Amino acid sequence: NAGVMQNPRHLVRRRGQEARLRCSPMKGHSHVYWYRQLPEEGLKFMVYLQKENIIDESGMPKERFSAEFPKEGPSILRIQQVVRGDSAAYFCASSPTGGFLAFFGQGTRLTVV
Amino acid sequence: DQQVKQNSPSLSVQEGRISILNCDYTNSMFDYFLWYKKYPAEGPTFLISISSIKDKNEDGRFTVFLNKSAKHLSLHIVPSQPGDSAVYFCAASVGYTGNQFYFGTGTSLTVIP
């Protein structure tokens, strides 16, 4: 678990602000997945990225949400103009080969006030 | 559309006894199933998996059973220990890649010393 680093751990934003969540995968892992856990729900897939490419963003809301995984640096999940319904725990997982999700980060808990 | 369901939000078991956590799914195409364990303020940790070609997989104190006809799987922990107290998520997928996993809502297990 400690290998996948997410920051910040907690993020408070006012409605209408932008939230940026960062995920540094484990060393040697080039596949990153973002999942979201809304209150009282299970984790739900948002987006799957490889270095510089979005492979599958079918789980991501069409508006206000974007993700990137640049050649250098962490993967970023960006939420523009946050609303109360965006309050959730956002988890990142990484994989060396795109296989099953063995390694999750500790998550970022976003609270929109 | 909750394709993976954990109908028991919580479970309490005495130390040394068996813990049985249940999970039901609706999609008959799911062919890979996993259990994750999650402590508060941490990300999920992979515990054990089973593919649809098997009906049982064992790893130490943890055994997962799969009943494909009933679309049901269960995780048995024997003997239960206080350190097992956590939230347990089951997940299912069609195929083996991390963007295809559907998670249940979790069962909070408390092992009483």
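Nothing here was measured: the structure is a model prediction, and the numbers come from that model. Naming convention: chains lettered A, B, ... in sequence-line order (proteins, then strands); numbering from 1 in each chain.
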Quiz item: What about the rings of B/Tyr25 and B/Tyr102, do their centers lie closer together than 6.0 Å?
Solution: no

Practice problem: Classify the angle between the aromatic ring planes of A/Phe91 and A/Phe104 as parallel (below 30°), tilted (30 to 60°) or perpendicular (above 60°). | Solution: perpendicular

Quiz item: What is the ring orientation for B/Phe33 with B/Phe30, classed by angle as parallel under 30°, tilted 30 to 60°, or perpendicular over 60°?
Solution: perpendicular

Self-check item: Side chain / backbone / both / neither for A/Gln37 at chain B, heavy atoms under 4.5 Å
Solution: side chain

Quiz item: Between A/Ser30 (side chain) and A/Lys51 (backbone), is there a donor-acceptor pair under 3.5 Å?
Solution: no

Quiz item: Considering only heavy atoms from C-beta outward, does the side chain of B/Arg61 approach that of B/Asp84 to under 4.5 Å?
Solution: yes

Quiz item: Which bit of B/Phe89 is near chain A, if near means a heavy-atom gap under 4.5 Å: side chain, backbone, both or neither?
Solution: side chain

Quiz item: Out of B/Pro9, B/Ser49, B/Ala91, B/Gly104, which one racks up the most heavy-atom pairs below 4.5 Å with chain A?
Solution: B/Gly104

Practice problem: Identify the residue among B/Val13, B/Val78, B/Thr107, B/Leu75 that makes a side chain to side chain contact (heavy atoms under 4.5 Å, CB included) with B/Ser19. | Solution: B/Val13

Quiz item: For A/Arg9, is it the side chain, the backbone, both or neither that has a heavy atom under 4.5 Å from a heavy atom of chain B?
Solution: side chain

Practice problem: Pick one of side chain, backbone, both or neither for B/Tyr39, based on which atoms fall under 4.5 Å of a heavy atom in chain A. | Solution: neither

Self-check item: Max heavy-atom pair count under 4.5 Å with chain B, selected residue of A/Tyr48, A/Trp34, A/Tyr35
Solution: A/Tyr35

Exercise. Go through the atoms of B/Leu34 and report whether side chain, backbone, both or neither lie under 4.5 Å from a heavy atom of chain A.
Key: side chain

